[in-house]
Chemist: 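Here it is, the structure, as structure tokens.
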Amino acid sequence: MKIIVAIKQVPQRDSSLRPAASGLWVDEANLGYEINEPDAYALEEALQLREKHGGEVIVVCAGPERAQQSIREALAKGADRGIHVETDAVLDTLQTATMLADALRDETADLILTGLQSDDLGYGQTGVVLAELLDFPSSTIIMQVEIDVDTLRVRRELEDGWFQNIEMPLPAVLTIQSGLNKLRYATLMGIKKAKSKEIRVVQPAAPAASTAVIEKVYAPQKSKQAQIFTGDAKTAATQLVEKLKFEARVL
Amino acid sequence: MSVLVVLEAGHRMAGEALTAGRQFAAALGVPLTAATIPADLTYTADGFTAAYEAHARATNPALVVFAHTYQTRDWAPKLATRFRKVLISDVIAARVDSGSPVFVRQLFQGKLNSDVRATGDGPHFVSVQAGAFPPVEAEAPETISLTPAVEPRQNPEKPFRESTRAVDLTAAPVIVSVGRGIKDEGNIPVVQKLADALGAELAASRPICDAGWLPMERQVGSSGQTVTPKLYLAVGISGAIQHLVGMKGSKTIVAINQDPNAPIFEVADYGIVGDLFEVVPALVEAVQRAKS
Ligand SMILES: Cc1cc2nc3c(=O)[nH]c(=O)nc-3n(C[C@H](O)[C@H](O)[C@H](O)COP(=O)(O)OP(=O)(O)OC[C@H]3O[C@@H](n4cnc5c(N)ncnc54)[C@H](O)[C@@H]3O)c2cc1C
Ligand SMILES: Nc1ncnc2c1ncn2[C@@H]1O[C@H](COP(=O)(O)O)[C@@H](O)[C@H]1O
């Protein structure tokens, strides 16, 4: 079983985000980074599948030099090796998936896992595009993965609490939903071992021009004015309860 | 040239896709068309992609419009890729500027917005966010029925629902909902006390249920329950769209969050900007005083 996990490095949750001076992305000065949340679940699923079926887990990340920190983190959790597609640009999903497909074509993967959505761009499609470029079948928003020789049975989350099981042949691409497993932490031993694991650095071909160009990044305009209570907690709480009782009449 | 709206059979957002399509067609000055695959034909990503690819190649629309549903997420990116285009997904607004469409999409779960220009020749592909283009009363365009065209690689079984829910949040008049701001499982009693004081049900955002701090059946949002209580208190919840769709119909919404720019304040009627670990205990006292 050769399983590839696509991980994206994204700004840490609760980062304070400001548009960059260029207006084309966010100001990256002083930002910390982490592995995109559903990608961490995808990695965990890959590690559990390897424990069951044997084989190899390879993580791939397209990003600038700092992306190697996230690859190392995945290696420390137990991935066998990494592929770093080195690029400084903010790419669209077709550009990213093209670079990932080029880097993965010779790996002859059995299964490729991605997260269902990135925290920063939030397009929710890179995995499906990658599948299309590699001509693999795909399924999305996956909550359970079972493998029987060369067939895959997955549980897809539908809306309003519905689910559906789907079978398809390997190799395939799945986009993983958060919460399908319990994340592990890297052990000290894992961190130590990660230092000697291989990270292959790939220089991608220049991407084709984007057909979805980000022209401007900006703070959303506030449309609805909530009544906000500030000041010390006690005063704010008292004011809120007054409003709920006498204005909204919900207490 | 036209705007083609893809209508997902039986989906509540079909009307929203039509509203968006109508708006985009007017802005581009082209006719509006629609297509659907009837609900009795089994959905697969491969089957739907092939059917719509053939239709789009034959009709060459300027723009193909989808509602941003789970089904759309599963196959529309494949279709766009066949035309070497990005599916400009989850858009909340659009305009035509110097002849080409510009779409507004959220970044970072609604903390920032971006303007995205669709450049080059069509067809372009766009999906619209729930609630961004409310359905209107208007004549429906001619709708073409398509049939899945290829032998799909996916073999889907019948959809099912997990066993019946033990808690029915939809019946609760007051809900206290907790998000990742609570930081740790051991802190859940902080919000439970508020729920008790208000006689409310306790609910949560997805990460809380993912972590197992509260059972899945207490999750509110697109993959949880949709609730419309008379009072919904969101405690330490940022207000990502997948959460908002499950609670924004509530009569009165209160948000407690330390980040004054959290998107949750956009749907709130009242808000307290502050540390929930100070605000919530103070609120428990204030509620107890008001009720006694
Ligand atoms: C297909 C799909 C389906 C999804 N379905 C759902 C769903 O059904 N329901 C759902 O909720 N999500 C769903 N999500 C996830 C959703 O996108 C968000 O990731 C999630 O809602 C975020 O949860 P949160 O607000 O609790 O966490 P965060 O976004 O991390 O927000 C935490 C908030 O707490 C605040 N905070 C931190 N500390 C404090 C403090 N001490 N005092 C006060 N405030 C504090 C922060 O300012 C922040 O705003 C789905 C996502 C996808 C892609
Ligand atoms: N630069 C990248 N490197 C590796 N994987 C990526 C990258 N961008 C996106 N992905 C994967 O694609 C998923 C969906 O991203 P998106 O389409 O941007 O929402 C993410 O969860 C990742 O698994």
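Here is how names work: the chains are called A, B, and so on, in the same order as the sequence lines, proteins then strands, and each is numbered from 1.
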Chemist: So which part of B:Ser238 gets closer than 4.5 Å to some heavy atom of chain A, the side chain, the backbone, both or neither?
Modeler: neither
Chemist: Considering only heavy atoms and a distance below 4.5 Å, find which of B:Arg82, B:Lys158, B:Gln258, B:His124 pairs most often with chain A.
Modeler: B:Arg82
Chemist: Heavy-atom cut-off 4.5 Å, strictly under: side chain, backbone, both or neither for B:Gln106 against chain A?
Modeler: backbone
Chemist: Would you please test A:Tyr123 and B:Leu87 for side-chain contact (heavy atoms from CB on, under 4.5 Å) and show each step?
Modeler: CA-CA 8 Å; A:Tyr123 264 112; B:Leu87 169 69; over 6 Å; no
Chemist: What option among B:Lys230, B:Glu266, B:Arg289, B:His68 has the most heavy-atom pairs under 4.5 Å with chain A?
Modeler: B:Glu266
Chemist: Decide, yes or no, whether a salt bridge links A:Glu157 with B:Arg206 under the criterion of side-chain N to carboxylate O below 4.0 Å.
Modeler: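 Between B:Arg206 and A:Glu157 there is a salt bridge, with a charged N closer than 4.0 Å to a carboxylate O.
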Chemist: Under the 6.0 Å and 45° cation-pi test, does A:Arg155 pair with B:Phe160?
Modeler: no
Chemist: Which bit of A:Lys216 is near chain B, if near means a heavy-atom gap under 4.5 Å: side chain, backbone, both or neither?
Modeler: both
Chemist: Do B:Ile272 and A:Leu240 pass the side-chain contact (heavy atoms from CB on, under 4.5 Å) test, and can you show the C-alpha distance, the side-chain angles, and the key distance before you say yes or no?
Modeler: CA-CA 8 Å; B:Ile272 295 182; A:Leu240 173 63; 3.8 Å; yes
Chemist: Might you point out which heavy atoms bring A:Ala226 and B:Ala268 nearest each other, and give the distance in Å?
Modeler: CB-O, 3.2 Å
Chemist: Based on non-hydrogen pairs under 4.5 Å, which of A:Val26, A:Val10, A:Leu152 is most in contact with chain B?
Modeler: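 The residue among A:Val26, A:Val10, A:Leu152 with the greatest pair count is A:Val26.
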Chemist: Would B:Leu231 and A:Leu244 count as a side-chain contact (heavy atoms from CB on, under 4.5 Å) here? Give the steps.
Modeler: CA-CA 9 Å; B:Leu231 177 60; A:Leu244 292 179; 4.0 Å; yes
Chemist: Side chain from CB out, backbone as N, CA, C, O: work out which of these in A:Ser210 comes under 4.5 Å of a heavy atom of chain B, or both, or neither.
Modeler: backbone
Chemist: Can a side-chain donor-acceptor contact be found between A:Tyr218 and B:Asp115 if the only test is distance below 3.5 angstrom?
Modeler: yes
Chemist: Contact part of B:Ala211 toward chain A, heavy-atom cut-off under 4.5 Å: side chain, backbone, both or neither?
Modeler: backbone
Chemist: On a heavy-atom basis, which atom in B:Gly110 and which in A:Pro220 lie closest, and how many Å separate them?
Modeler: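 So the two residues come closest at O-CG, 3.9 Å.
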Chemist: Using non-hydrogen atoms only, which part of A:Leu94 is less than 4.5 Å away from chain B: side chain, backbone, both, or neither?
Modeler: both
Chemist: Do B:Leu283 and A:Val241 make a side-chain contact, defined as non-hydrogen atoms from C-beta onward lying under 4.5 Å apart?
Modeler: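 Side-chain contact under 4.5 Å: yes.
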Chemist: Answer with side chain, backbone, both or neither: which region of A:Val154 has an atom nearer than 4.5 Å to a non-hydrogen atom of chain B?
Modeler: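 For A:Val154, no heavy atom lies under 4.5 Å from chain B.
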Chemist: Considering only heavy atoms, which portion of B:Asp269 lies under 4.5 Å from any heavy atom of chain A: side chain, backbone, both, or neither?
Modeler: both
Chemist: Please tell me if the side chains of A:Ile214 and B:Arg105 come closer than 4.5 Å, counting only heavy atoms from C-beta onward.
Modeler: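 A side-chain contact under 4.5 Å is absent here.
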Chemist: Closest approach of B:Arg153 and A:Asp135, non-hydrogen atoms and distance?
Modeler: NH1-O, 3.0 Å
Chemist: Against chain B, label A:Leu251 side chain, backbone, both or neither, depending on which of its atoms sit under 4.5 Å from a heavy atom there.
Modeler: side chain
Chemist: If you define the side chain from C-beta out and look only at heavy atoms, does anything of A:Val129 sit under 4.5 Å from B:Lys78?
Modeler: no
Chemist: Check whether A:Arg249 gets within reach of chain B through its side chain, its backbone, both or neither, counting any heavy atom under 4.5 Å.
Modeler: neither
Chemist: Between A:Glu159 and B:Ser223, do the side chains contain an N or O donor and an N or O acceptor separated by less than 3.5 Å?
Modeler: no
Chemist: When you check the gap from the basic side-chain N to the acidic O, do B:Lys111 and A:Asp120 get nearer than 4.0 Å?
Modeler: no
Chemist: Does a salt bridge link B:Arg12 with A:Asp160, judged by any charged N lying under 4.0 Å from a carboxylate O?
Modeler: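 Yes, B:Arg12 and A:Asp160 are salt-bridged.
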Chemist: Is it the case that A:Glu247 and B:Tyr270 place a side-chain donor and acceptor less than 3.5 Å from each other?
Modeler: yes
Chemist: Between A:Lys222 and chain B, which part of the residue has a heavy atom less than 4.5 Å away: side chain, backbone, both or neither?
Modeler: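 Both backbone and side chain.
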Chemist: As an exercise: rank B:Val86, B:Val287, B:Asp90, B:Asp46 by heavy-atom pairs under 4.5 Å with chain A and give me the winner.
Modeler: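 The candidate making the most pairs under 4.5 Å is B:Val86.
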Chemist: Could you pull out the closest heavy-atom pair between B:Gln109 and A:Asp119, with the gap in Å?
Modeler: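 Of all heavy-atom pairs spanning B:Gln109 and A:Asp119, the closest is NE2-OD1, 3.0 Å.
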Chemist: Do the ring planes of A:Trp25 and B:Phe108 sit parallel (below 30°), tilted (30 to 60°) or perpendicular (above 60°)?
Modeler: tilted
Chemist: Assess the residue pair A:Glu167 and B:Gln154 against the criterion (side-chain contact (heavy atoms from CB on, under 4.5 Å)); give the C-alpha distance rounded to whole Å, side-chain angles, the decisive distance to 0.1 Å, and a yes or no.
Modeler: CA-CA 6 Å; A:Glu167 270 188 17; B:Gln154 298 91 351; over 6 Å; no
Chemist: Any ion pair linking A:Lys234 and B:Glu278 (charged N to carboxylate O, less than 4.0 Å)?
Modeler: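 Salt bridge: no.
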Chemist: Write down the atom of A:Thr211, the atom of B:Arg84, and the distance for their closest heavy-atom approach.
Modeler: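 Reported closest heavy-atom pair: CG2-O, 4.1 Å.
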Chemist: Please report the C-alpha distance between B:Asp74 and A:Arg156 in whole Å, then the side-chain angles of each, then the deciding distance to 0.1 Å, and finally whether the salt bridge (Lys or Arg N to Asp or Glu O under 4.0 Å) criterion is met.
Modeler: CA-CA 10 Å; B:Asp74 197 57; A:Arg156 182 169 143 60; 3.6 Å; yes
Chemist: Which answer fits A:Phe246, side chain, backbone, both or neither, if we ask what part of it has an atom under 4.5 Å from a heavy atom of chain B?
Modeler: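 Neither part.
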Chemist: Pick from B:Leu107, B:Val267, B:Val174: which one has the most heavy-atom pairs with chain A under 4.5 Å?
Modeler: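 Result: the option with the highest number of such pairs is B:Leu107.
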Chemist: Using heavy-atom distances under 4.5 Å, tell me whether A:Gln221 contacts chain B through its side chain, its backbone, both, or neither.
Modeler: backbone
Chemist: Considering only heavy atoms and a distance below 4.5 Å, find which of B:Thr49, B:Asp259, B:Thr226, B:Thr69 pairs most often with chain A.
Modeler: B:Thr69
Chemist: What part of B:Ile256 lies closer than 4.5 angstrom to a heavy atom of chain A: side chain, backbone, both or neither?
Modeler: neither
